[in-house]
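For reference, the structure discussed in these notes is given below.
Per chain, numbering begins at 1; letters A, B, ... match sequence-line order.
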Amino acid sequence: MSTLPHPNHAPHAHSGVKVSRIMATVMLALTPATLFGFTLFGWPSILLWLVTVGACLVLEVACLRLAGRGGPKTLWDGSALLAGWLLAMTLPPFAPWWIGVLGAVATIVVAKHAYGGLGQNPFNPAMVGRVALLISFPLPMTTWVQPAPLFAAGSPSLIDSLHIIFSGTAVPDALTSATLLGHVKTEATRGVDALHAVMSLGADGSGLGWHAGSLGETGSLLVLAGGLFLLARRIITWHIPTSLLAGLALPAAIGHAVAPELYLSAGAHLTAGAAMLGAFFIATDLVTSPATSAGRLIFGFGCGLLTWVIRTFAGFPEGLAFAVLLMNAGVPLIDRYTRPRIYGHGQPAKAG
Amino acid sequence: MTEYLLLLMSTAVVNNVILVKFLGLCPFLGVSKKIDAAIGMGLATTFVLTLASVATWMLDHWLLVPLDLGYLRIVGFIVVIAAAVQFVEMAIKKSSPQLYQVLGIYLPLITTNCAVLGVALLNVQNGADFLHATLYGFGSATGFTLVLILFAGIRERLALAAVPKAFAGAPISLITAGLLSLAFMGFSGLNLT
Amino acid sequence: MLAAVTSLTVLGAALGLGLGIAARRFHVEPEEIVAELEALLPGSQCGQCGFPGCAGAAQALADGKAPVTLCPPGGKSVAQALAEKLGVSADLSALGESVPMFATVREELCIGCTKCFKACPTDAIHGAVKQIHAVLKEACTGCAKCVDSCPTEAVGLVPVPATLTTWTWHKPGHA
Amino acid sequence: MLAVATLPAWLQRSLIRWGVHPDDHKRPVADLPVERLPLPARLFLPLQQHVGAPARPVVKIGDPVLKGQLLAESAANISAPVHASTSGRIVDITTYPAPHPSGLEQPVMVLEPDGEDRWIDTSPPTDPFSLPPAEIGRIVSAAGVVGMGGATFPSAVKLALGLRVQVEILIVNGGECEPYLSCDDRLMRDDAEGVVDGIRLALHAIGAQEARVGIENNKPEAIAAMQQAAAPFPEVRIMPVPAQYPMGSDKQLIQVLTGREVPFDGRAADAGVLVHNVGTCHAIHQAVRLGRPLVERLVTVSGGAVERPRNLVAPIGATAQDLFDYCGGLASAPARVIMGGPMMGNPLATTASPVIKGTSGLLALTQEEVGEDDRAGPCIRCASCVSACPMNLLPLEMAAHIRSDDPDGAFHLGLNDCIGCGCCSYVCPSAIPLSHYFSYAKGALAANERSKLKSESIKKLTAARLERQEREAREKAEAAARRKAEREAAKARAAAQANAVTTKAATVDANA
């Protein structure tokens, strides 16, 4: 006869899936697109990525210490690393170092730890970081460069790159360029219609990524592949990516069919900007998206639609970050009004 | 027609009364703890704001302007708005005790809701005609309601979150309001023409 | 000047008249909140809250002079019900994890004086003069009135022991 | 709605949108032959092994008893009798640790076996199908049969209900979806005829036309044996269902086999069905055909810490320690010892607790099997729990309310619909003990309910006391008034007499 340890409640088994494993899988899925971006934009992009991710990790440790939860386990759940990574994927690759650091402050300190850390934040941390930067520092946040591959002639060397990122040396004029969406927007203000604007940029199969943009923008196809990998591993469900892309493509297709000189085609919208990154990696952020399937469909569609509206009509060339934040704000409401019907009930449970 | 729709969109979203004009912040922070209360408050405010826009427009155009009493505008508007709110409160108390219980002490708050007076004064400033003034009031109120309900949803969730002590309560609500405002800046420069 | 005074006066008078009429038309009887509150209280008139009986406590609650956590025998459930009725958020942490208690009589000390018997607001103590008293667990609210009345300190409060039917899991993380 | 089990197998899996797939750990134990536990030195028979009122003892300390003899009788409408698991002597009626996580004690009878294992005289009916249905129920009731899947609801009460409300379909639960457990599997393989006979008797007892036996498709041998045994009886349909936890939960099995849902405020009978476990059907067969009450059962003894895991036939009242000892003892210190399966089973406070009628398994699990005992992390709202929940609840929201001391909020989200299957905790990547939260909140709400009931009854008592005091005061006042009145009357009489005297005198005076 033996007396047993303090009773634990059932179940006495676990699937083995852990937060750190989920985060690691997402990072694995992000790797190909990131590496592609690195080769495309060379040393400056690598340095900026390192600065951004590093700042996020340092701030995460500091915040956890302040909150008295400084155990190694909470740091290595990987959420800070992933948030920093996603933020870095949306920055102009030649942006100065302080962009990365300030973005990390907004992401980790304001958007995440002010709310109590992992799981408590209503807004997507990486997108808070990006939007805060975009509004505060419009110029460096919209200075894009042409692809300047590692080791190619004319690309900045490691030393040049250190200067660009850390001592504010201006990006060589020869390298600056515009993204597709930014170009169309500026041309529209000069009275050039969308069709000609696209042609003047010489968009040559932009899906392949050989054009100006952020790391996440140029590697759209690889981001898509990474997203499909996440779907296959059941880290994310199909609802948000599908509905987001539909919400973006449907109005774009209709607009383009009605007035091609005013509206970009659906294909351009889907491959340009952060559409793919947003659909598979940002809007699908578990913490800030709805918990129900129906809610996820509404959320994704709203993100896509608002992205199209902001891209097309508002002052900013890229609206995905705003769209995601706007829909984040609606998540509690969406969750509340899409509660599934409980077994044995005629109607969903009454609001609590 | 399109013009009026655009006016509605613009007042509700682009120039949101709370997040862009920073009017009506007291009910925004005061009545946003529960979604149900926020919905009630939003509806009541919508009603009062529309009514007040109409009433103040009439007061301004039919009394103050003809008699050249522009300097009495603020006093006159406050009187009319206060009376309208009192009236609405009594009517709700009688017709819907449940709604009255939900809104409770918040109904009188509408009287001091600066959004109501602010919108009425903005109407004068913009030189709006009757229909524009009405739509401006209604659109602003819709934007107020939208943001109030969104904010209430987030706050209901925050009530269950492990917010650090230093940020719990008002601080985190203000940070959230700031982030919400940041998100709404995406609409800035929205030009539907 | 005259125009301004006149117009504001007329405006004020007209609106005031309108409101006056509306107040008549929409008149609502004030709710019988005190009676409703009293119905929620245990009604044992034990006086532990410091007010004269449950009616006094209800009056104090309605006047906002007492917190909803005023009733020790009522515990959490009564506090919650009161908070709901009054539309306030109850700070239940003030109550703490008060365990339900009941009175017991230590037979070796009891002299059968019937003082506790008379003090009990719920007739939970049984017995007779010069007999040892016993406590009916089901009827005891743990109000402690009997404890104070006993001349030999034979009456004490003990926590209600858990049984297989009343045992529940503890809150996770609060073992 | 659609009965998923009637569709082709390949469709079934994709149509079931709830549940989880834990490693089933059923083999090799399920393939080993059943062994019989030798009689232990003492048996501890709890008076309450069922839902309802505890049984009332009918024997005294020191009485000799035979196997199957009635020890304690059913004490209420919902109750069940307890019988002697072997022949011997009652040596004590006392309290003893219950098979319950609290380790609290409960009343038991202690039986010392004499080793002869001699049955009491039994007289089973020759043709039970000629008996009226209610009579079958009476036999089952007298045999002390309760739900053997773990619910332990008195079976006869269910049969009577089924007869009363015209149930159409008898659902027989052979799901056995809990990992490790294989006692029902073994029972169906070893005595399919007995199980099918029990099913037919139950059908007769409730007057239903059809029985559907749901068996998870990870038990092909059991399915084959049952199909063979049921072949002559078209009213008994064997229906393989996908192996998906919690398929063995009543509500889910009903949904899969019939497409019906049990209403949240009702019982299975309200959906026109009745559910019995295969073990219960076997017990009904034993009670009716052989006249044997429920005194022993099949128990799966398994888990990584058990030296020689296997299925045992154990007498009710043998201790968990007896069973582990027979299985070679515990190889290593177990992380948890569980009665039932790993998903829903209760941890035992001590291995001294006895096997009762609802004990399907005894598991001694190692830390490796249980998974790391991580401290719970924060919820990342991944909603894995939402997609796993077979009741369509939002476990993450419910737990958040409970954590913030708002069990009522969880109640409004459907806490009472939670069947406690543990799927949410099983999948949670942050290791949040969701089921534990729900058990805690259900307990807290029940305690609230109890205290409300108590305060209501106390209110009545107080009112009665006040009334009594008033009455006493009134009576006292009345008595006082009466006395006063009497005094007054007396005084008046006296005065009248005096008056009369004076009057007389006056008259006399006048006359004079």
Side-chain angles (χ1 to χ4, degrees), chain A residues 1-23 69 71 73-74 77 79 116-122 234-237 284-293 295-296 331-332 335-336 338-346 348-352, chain D residues 20 22-23 101-102 179 251 255 261-264 319 321 334-338 342-352 363 365 369-371 373 377-384 386 390-394 396-397 401 409 412-414 417 420 422 425-427 429-431 433 435-436 439:
Chain A
M1 307 287 163
S2 62
T3 307
L4 300 162
H6 187 74
N8 290 75
H9 195 279
H12 312 281
H14 193 266
S15 64
V17 176
K18 284 185 187 160
V19 172
S20 52
R21 225 166 84 185
I22 294 176
M23 298 290 173
R69 289 186 293 140
K73 188 194 152 200
T74 30
D77 62 18
S79 59
L118 180 65
Q120 319 297 317
N121 50 304
R234 292 168 187 264
I235 302 291
I236 58 176
T237 60
T284 53
D285 170 41
L286 299 169
V287 178
T288 55
S289 59
T292 63
S293 303
R296 286 174 172 170
V331 165
D335 268 344
R336 179 186 167 109
T338 58
R339 275 178 202 154
R341 186 188 68 86
I342 298 173
Y343 176 108
H345 285 259
K350 278 279 179 291
Chain D
V20 295
D23 275 347
S102 66
K251 291 185 171 179
Q255 189 184 36
E261 282 185 11
V262 182
F264 72 97
T319 65
Q321 192 65 43
R336 303 190 195 177
V337 173
I338 295 151
M343 296 298 285
M344 289 184 75
N346 265 329
L348 288 183
T350 160
T351 53
L363 307 179
L365 301 178
E369 291 169 290
V370 173
D373 257 338
C379 171
I380 59 164
R381 304 189 55 82
C382 67
S384 305
V386 178
M391 298 301 287
N392 267 342
L393 298 169
L394 298 173
L396 76 170
E397 305 269 358
H401 278 98
H412 288 298
L413 285 166
D417 293 294
S425 304
Y426 176 80
V427 296
S430 287
S435 321
H436 187 170
S439 292

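Rounding to the nearest 0.5 Å places CG of A:N8 at 9.0 Å from CD1 of D:I338.
Neither the backbone nor the side chain of D:L363 has a heavy atom closer than 4.5 Å to any heavy atom of chain A. Contacts of A:L118 with chain D are made by both backbone and side-chain atoms, with heavy-atom separations under 4.5 Å. Interface residue D:M343: backbone and side-chain heavy atoms are both found under 4.5 Å from chain A. Heavy atoms of D:V386 lying under 4.5 Å from chain A belong exclusively to its side chain. In this structure, no portion of D:P22 lies under 4.5 Å from any heavy atom of chain A. Residue D:P433: no heavy atom, backbone or side chain, is found under 4.5 Å from chain A.
Closest approach of A:H12 and D:R336 over heavy atoms only: ND1-NH1, 3.1 Å. Across all their heavy atoms, A:R296 and D:C382 have their closest contact at NH2-O, 3.3 Å. The two residues A:A10 and D:S435 have their closest heavy-atom pair at O-CB, 3.7 Å.
The residue among D:V20, D:I380, D:V427 with the most heavy atom pairs within less than 4.5 Å of chain A is D:I380. Most heavy-atom pairs under 4.5 Å with chain A, from the set D:S439, D:S384, D:P390: that is D:S439. Most heavy-atom pairs under 4.5 Å with chain A: of the set D:S102, D:P347, D:C379, D:G422, this distinction falls to D:P347. Ranked by non-hydrogen atom pairs under 4.5 Å with chain A, the options D:P179, D:A383, D:G420 are led by D:A383.
For the pair D:N392 (side chain) and A:Y343 (backbone), a donor-acceptor distance under 3.5 Å is absent. Between the side chain of A:H345 and the main chain of D:F264, no donor-acceptor pair closer than 3.5 Å is present.
Applying the salt bridge (charged side-chain N to carboxylate O under 4.0 Å, His left out) criterion to A:D335, with sequence neighbours excluded, gives B:R157, D:R381.
Under the 30°/60° scheme for interplanar angles, the aromatic rings of D:Y426 and A:H14 are found to be tilted.
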